[in-house]
Q: 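Questions regarding the structure given below will be posed in turn.
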Amino acid sequence: MDYLAELNERQREAVLYTEGPLMIIAGAGSGKTKVLTTRIAHLMKKGVDAFNILALTFTNKAAREMKERVEKILGGTEARNLYIGTFHSVFARLLRAEATRLGYPSNFTIYDTDDAKSLLKTIVREMNLDEKQYKPSFVLNRISSAKNGLISYAEYHEDFQLRQEDQRANRPLISKIYESYVKRCFKNGAMDFDDLLFNMHALLTRFPEALVKYQHKFKYILIDEYQDTNAAQYAIIKLLGAVHENICVVGDDAQSIYSFRGATIKNILQFEKDYDDVKVVKLEQNYRSTQSILKVANEVISNNKMQIPKELWTDNIHGEKIILMRTATDNDEGRFVAETISEQKLRNHFHENEFAILYRTNAQSRSMEENLRRKNIPYRIYGGVSFYQRKEIKDLVAYLRLIVNPQDEEALRRIINYPARGIGKTTLEKASVLAAQHNITLWQVLEKPASFGFRSATLQVIESFVYMIKSFQVMLEKHNAYDVAFRVGKETGLVKELFVDKSTEGITRYENIQELLNSIKEFTETPTEEGELLDKRLGSYLQQITLLTDADQDEHDQDVVRLMTIHAAKGLEFPCVFVVGMEETLFPNAMAINTREDLEEERRLFYVAITRAKSKLWLTFTSNRYRFGNLMQNDPSRFLKEIPKDHLDENYAGRAITEPVYRTERYPDSRQQNTPAAASVSGLGNGSAAAKRIPVHVPSENFKPDDPSTFEAGMEVEHQKFGFGKILRLEGNPNNRIATISFRQAGEKKIMLNYARLQITHNEEAG
DNA sequence: TTAGGCGCTGTTTTT
DNA sequence: CAGCGCCTAA
């Protein structure tokens, strides 16, 4: 029982309380994963069969880590029999086994967000609705939250409130689109992410035998990140656990950051009411961060009204103050981070992999990336476009999907004319109409094109396309997934097309395809538990990759700086953390400041960001940031004011204000060079919009920008783009001066001197 | 049928 | 700024 010795008293209590409902409120860094894994190991040591334990997480990575750690405690291979995985992947697996009950093929396709949007787009088009009014992302959001709330399209249709919301938003037909979307997915043999939850719930409620079967199978259920569960997940867990009631949920209300995905803290608050004797254990000792960091985190989160009272504490050293840095531009912010990393590596012997740069939105990675590259600091960006979402990967995967499931219309549409084979829009449209008329799938139309009267040239290309796909399907019987994928790449001409393209991106795309083929090979060579059939193995490969994100590709030993959104950083920890973009409208995000609930979620997000740091934490913000292609000025984030002053080192922020701003000569910034007009301040003048209409000024031969600090009112100046003009007046603080200049051609403009490249042509005072 | 150019529009977070 | 839809030319 030595595994128990490593636990503190509270942790041990949580591990040993094995029977009956248990809720663990686990603060950040309090050893939550350790408790969960030890608990599972303990159950197994007590004689519980691994097959009877279900553990659900939100990321594959968390699941894998859990599995590995249990394996380590137990030794042997028993841990492999545990059902540990994400909600989505575990349910996908169960649904695959039970698919026929619901009328789905067992090798159903899983649609990712792109597939779903693309299908919605075709549906909206087919319904002759305005595509701007019913934008796929908007419609998908509506449908998604309905499904996550377990509201079927029929119920949606009857729901007064939902209908009214749609009316008010001038999108009254959402419920109709919802209905066709569901029907079409079903026809395509496809489920989207939300369907994996919705249909799992449907399975358990509509088929009592299935419910009973799984209720008895999963005698012990553990749920990680319970604060992030939504109504569907909540209901499923409740159903599954109803017989044994051995449900252990772990969560931290302070880290609930997924309400936009339907998650609700209510599930945590509700838990105690759902069962008669709920044992609650609070883990409040933090093993991760310095006292300083923890104090700041506690202080910040205390501004939230909605929370379960608790106070995280730690035995760790006090540590250093948190450093606040202000820069002039987003590019400077990136440079500061890159320079600080270099400096810290030298001074404190940190490795690259001890740093993380966290931001609110993916778009912010760019300025970081550019500056890290400039300083030759190796890095890796998580999120954004994941490997499996890249075009070239999706193209090849679409072929594989179609081979496994010819009903999959999205896959078919994607590749029917890629590489180009003369089946264009007209043909596809005709086929779609026919499919709808005869109530068959698109594929079924293409299978018998002769009976639908296509022109003979078209007929021929369709037939050879179908023949090709069918020949791949035949291959499935005797060849493994890799052989099929390889042949597909070759015979469709897809690989060749990428090989011929020798541009940088073309080479990357080619390499990506090779990487995909390698991963398929690896998959085929790793035996699966139940020795499933070969075609099923390609099917299961496809199911699995749709649920992968690129956080799952992490090789943790890689010595690189990690860049990711705060959302993606949840559950991770780093010795040194930069939280960048601490500005109003960005963080808290402008989309999330209108209600207390939203704002509190932003604050929890900030709390998550702070608590990722073990020993050093930097917060940065910038006065000027490019957004939407023009320069925006933001105030410092309100959250900064919530940090206790004695834990915050503001020297750097101060220095940045009094020091001259980094000059463009020293660090050329491509954006500024290419578009000098972008330097005019949007919102102040009629800057960039007007700039487009002005005839381009050709700068003088010996044009050389002068030091901005030397400019004064009354000077005659030349601007690279706006031409000659005179400074009327200057305003703004000394380091961010804004000049109003009257240009001969371009008229009156407000120009930020730090960015504009201006040359003095005549000095009134001197001359 | 396809490629290429122009103009509009939008940026939150993700399984 | 970028990605996408729409239009035009070939």
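What you see is a predicted model; the values in this text were computed from it and never measured. So you know, we letter chains A, B, ... as the sequences are listed, proteins then strands, and number each from 1. When reading the values below, keep in mind they use all heavy atoms of this one structure, side chains included, and skip hydrogens, waters and symmetry mates.
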Q: It should be established whether A/Thr426 places a side-chain nitrogen or oxygen under 4.0 Å from OP1 or OP2 of nucleotide B/dT1.
A: yes

Q: Nearest whole angstrom, please: distance from the P of B/dT15 to the CD1 of A/Ile257.
A: 11 Å

Q: Where the side chain of A/Thr427 is defined as all heavy atoms beyond and including C-beta, which of B/dT13, B/dT1, B/dT14 is the nearest nucleotide?
A: B/dT1

Q: I'd like to know if the side chain of A/Ser259 pairs up with that of A/Glu601 as donor and acceptor (distance under 3.5 Å, no hydrogens or angles considered).
A: yes

Q: With distance as the sole criterion, is a donor-acceptor pair present between the side chains of A/Ser367 and A/Tyr626 under 3.5 Å?
A: no

Q: Does A/Glu369 have any salt bridge (Lys or Arg N to Asp or Glu O under 4.0 Å) partners at least two apart in sequence or in another chain, and if so, which?
A: A/Arg373

Q: Tell me the interatomic distance from A/Asp228, atom CG, to B/dT15, atom P, rounded to whole angstroms.
A: 11 Å

Q: Distances under 3.5 Å only, N/O to N/O: pair up the protein atoms with those of nucleotides 2-6 of chain B.
A:
residue	atom	partner	partner atom	Å
B/dT2	OP1	A/Asn417	ND2	3.0
B/dT2	OP2	A/Asn417	ND2	2.9

Q: Does B/dT12 have OP1 or OP2 under 4.0 Å away from a side-chain N or O of A/Arg261?
A: no

Q: Which residues pass the ring-ring contact (aromatic ring centres under 6.0 Å, His included) test with A/Tyr134, sequence neighbours left out?
A: none

Q: Expressed as a whole number of angstroms, how long is the span from A/Ile381:CD1 to B/dT13:P?
A: 13 Å

Q: What residues form a salt bridge (Lys or Arg N to Asp or Glu O under 4.0 Å) with A/Glu497, not counting sequence neighbours?
A: none

Q: Stacking between B/dT13 and A/Phe260, yes or no? Criterion: centroid separation under 5.5 angstrom, plane angle under 30 degrees.
A: yes

Q: Holding to side-chain hydrogen bond (donor to acceptor under 3.5 Å, both in side chains), I want the full list of residues that pass it with A/Arg360, two or more places apart in sequence or in another chain.
A: A/Glu602

Q: Provide a list of protein-nucleic acid N or O atom pairs under 3.5 angstrom, restricted to nucleotides 7-11 of chain B.
A:
residue	atom	partner	partner atom	Å
B/dG10	OP1	A/Lys135	NZ	3.2

Q: Applying salt bridge (Lys or Arg N to Asp or Glu O under 4.0 Å), name anything that partners A/Lys67, two or more places apart in sequence or on another chain.
A: none

Q: In whole Å, what is the span from the CZ atom of A/Phe138 to the C1' atom of B/dT12?
A: 16 Å

Q: Please classify the nucleic acid contact of A/Phe587 as base, sugar-phosphate, or nothing, using heavy-atom distances under 4.0 Å.
A: nothing

Q: Between A/Asn362 and B/dT13, does any side-chain N or O lie under 4.0 Å from OP1 or OP2?
A: yes

Q: Phosphate oxygens OP1/OP2 of B/dT14: is one of them under 4.0 Å from a side-chain N or O of A/Thr113?
A: no

Q: Can you name the side-chain hydrogen bond (donor to acceptor under 3.5 Å, both in side chains) partners of A/Arg413, sequence neighbours left out?
A: A/Glu409, A/Ser432

Q: Under the salt bridge (Lys or Arg N to Asp or Glu O under 4.0 Å) test, which residues partner A/Glu131, sequence neighbours left out?
A: A/Arg125

Q: Specify the separation, in whole Å, of atom CG of A/Leu358 and atom P of B/dT13.
A: 14 Å

